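These numbers come from a predicted model, not from an experiment.
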Amino acid sequence: MSNKNDYRRLKEEADIRSVVEYCGIEKGRRIGSAQFVKCPNPNHEDSHPTNAYYRDGWNTIYCTTCNKNMGPIDIIMWTMGMSYGEAADALWELEGEPNWYYADHNADSKKIFTVSLSELELLQINIASTQNLPVRYTRYREFDSENLKKGYLYQFDGYGYYLVKTERVQWADFLSKEGMRKIVISRCKKVIKECDQIEKNLGATNLFIEKRKKINELMKRAQERRAA
């Protein structure tokens with residue numbers, strides 16, 4: 001594949017919620033559609049998740065103290081210690097590995113089924129984007145929090161401490177692409193039936209126009225494309 005990747009479109013179509021979950025950014029309170037988070041800017045020593053926020057559908061985080069919008073690739077670089085290319089590849093995975101990202105994708109590649117974290121959330125399929133893996137068990141903390149390596153933390157179990165490392169995971173680590181494709185089709189049908197039943201019970205129509213449209217498009221894609 002070519003190295004001429006469509007970074008601009010990748011950033012524009014990113015779901016910042018997926019990035020926040022993936023990076024493990026601390027969340028604060030939610031006010032309406034605004035979700036407050038700890039500012040990811042390394043030049044801002046933010047101690048509480050009260051200054052930065054994003055809204056549903058945004059592709060950036062805005063900080064009222066920094067007075068700037070922060071994009072998904074930069075946020076991944078800052079929080080995960082990645083290079084620009086590594087962060088872009090991570091975002092590409094979070095967005096369901098869209099085929100248009102690569103300049104030299106061919107017609108056959110468009111037939112491969114992909115699904116993003118935001119689409120899985122729409123179907124209420126929750127997949128963790130990070131996992132804490134135990135490194136060792138100790139009776140006492142060996143290091144102060146500020147002296148721990150990035151990505152490491154202690155978890156107390158009532159008797160001692162687990163030193164754990166936060167590792168990035170994706171649904172493909174737990175399930176085959178064909179398995180996920182079948183689950184998506186099944187879940188799409190179930191959610192559509194649930195929407196129909198709710199409308200029937202309320203004696204109303206068109207309550208879920210946008211949701212039903214997105215789910216039907218996703219189901220059609222899953223039915224028409226192959227896993228890989």
Side-chain angles (χ1 to χ4, degrees), residues 7-8 10-96 116-122 124-136 138 141-158 161-171 173:
Y7 296 116
R8 180 176 179 179
L10 186 67
K11 291 186 288 187
E12 289 177 349
E13 298 189 8
D15 182 352
I16 203 64
R17 292 178 305 164
S18 298
V19 175
V20 169
E21 293 295 333
Y22 169 73
C23 295
I25 297 174
E26 182 181 345
K27 293 182 181 179
R29 60 178 179 169
R30 185 179 181 90
I31 303 177
S33 64
Q35 173 64 61
F36 282 83
V37 296
K38 204 170 193 179
C39 180
N41 187 346
N43 296 319
H44 177 192
E45 295 183 5
D46 197 9
S47 56
H48 302 287
T50 55
N51 300 302
Y53 69 95
Y54 66 88
R55 297 186 184 278
D56 296 339
W58 278 18
N59 60 1
T60 60
I61 291 176
Y62 178 74
C63 181
T64 57
T65 300
C66 301
N67 196 30
K68 63 186 295 186
N69 281 308
M70 292 161 278
I73 293 180
D74 285 337
I75 292 171
I76 294 174
M77 289 173 61
W78 294 335
T79 58
M80 305 300 287
M82 295 182 179
S83 66
Y84 190 91
E86 290 171 336
D89 286 344
L91 180 60
W92 174 67
E93 291 178 0
L94 289 176
E95 292 303 304
S116 69
L117 284 178
S118 59
E119 289 173 327
L120 292 178
E121 288 177 0
L122 180 65
Q124 298 178 355
I125 300 175
N126 299 314
I127 305 292
S129 57
T130 59
Q131 187 173 32
N132 290 332
L133 301 178
V135 177
R136 61 179 174 273
T138 62
R141 288 175 178 266
E142 299 167 301
F143 307 99
D144 294 330
S145 297
E146 58 270 19
N147 293 324
L148 280 174
K149 293 182 179 179
K150 190 175 183 65
Y152 288 82
L153 56 89
Y154 283 110
Q155 291 183 336
F156 183 62
D157 70 350
Y161 295 88
Y162 284 100
L163 177 64
V164 300
K165 182 181 181 182
T166 301
E167 293 283 359
R168 175 168 57 96
V169 295
Q170 52 183 318
W171 61 260
D173 294 326

Using distance only, find each side-chain donor-acceptor pair of residues 25-37 under 3.5 Å and give its atom names and separation, not counting sequence neighbours.
| residue | atom | partner | partner atom | Å |
| --- | --- | --- | --- | --- |
| Lys27 | NZ | Glu21 | OE2 | 2.4 |
| Arg30 | NE | Gly32 | O | 3.3 |
| Arg30 | NH2 | Asp56 | OD1 | 2.7 |
| Arg30 | NH2 | Asp56 | OD2 | 2.8 |
| Ser33 | OG | Arg55 | NH1 | 3.2 |
| Gln35 | NE2 | Gly28 | O | 3.0 |

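Each salt bridge (charged side-chain N to carboxylate O under 4.0 Å, His left out) pair with one or both residues in residues 71-81, not counting sequence neighbours, would appear here, but there are none.
Residue Cys23 comes nearest to Thr79 through the heavy atom pair SG-OG1, 3.1 Å, listed as atom of the first residue, atom of the second, then distance. When every heavy atom of Leu10 is checked against every heavy atom of Ala88, the shortest pair comes out as CD2-O, 3.5 Å. When all heavy atoms of Thr138 and Tyr154 are compared, the closest pair comes out as OG1-CE2, 4.3 Å. Annotation for His48 and Lys38: closest pair N-CE, 4.3 Å, computed over non-hydrogen atoms. When all heavy atoms of Cys63 and Met70 are compared, the closest pair comes out as CB-CE, 3.6 Å. The shortest heavy-atom contact between Met82 and Glu86 is CA-OE1, 3.5 Å.
Counting heavy atoms from C-beta outward, Pro40 and Ile61 have side chains that approach closer than 4.5 Å. Between Thr65 and Asn41, the closest side-chain pair of non-hydrogen atoms is not below 4.5 Å. Residues Asp15 and Glu95 have side chains in contact (heavy-atom distance under 4.5 Å, counting atoms from C-beta outward). Side-chain contact between Tyr161 and Glu142 is absent, with no heavy-atom pair separated by less than 4.5 Å. Looking at Pro134 and Gln155, their side chains never come closer than 4.5 Å, going by heavy atoms from C-beta outward.
Put simply, the side chain of Thr64 gets close to the backbone of Asn51: a donor and an acceptor are under 3.5 Å apart. At distances below 3.5 Å, not a single donor-acceptor pair connects side-chain atoms of Asn59 with backbone N or O atoms of Ala14. A donor-acceptor contact shorter than 3.5 Å is absent between the side chain of Tyr7 and the backbone of Gly85.
Between the OH atom of Tyr84 and the CE atom of Met77 there is a distance of 8.0 Å, given to the nearest 0.5 Å. The OG atom of Ser18 sits 10.0 Å away from the CD atom of Glu119 when rounded to the nearest 0.5 Å. Note that OH of Tyr152 is 12.0 Å distant from CG of Asn132, once rounded to the nearest 0.5 Å.
Between Tyr62 and Tyr53, the two ring planes are perpendicular [angle over 60°; tilted spans 30° to 60°].
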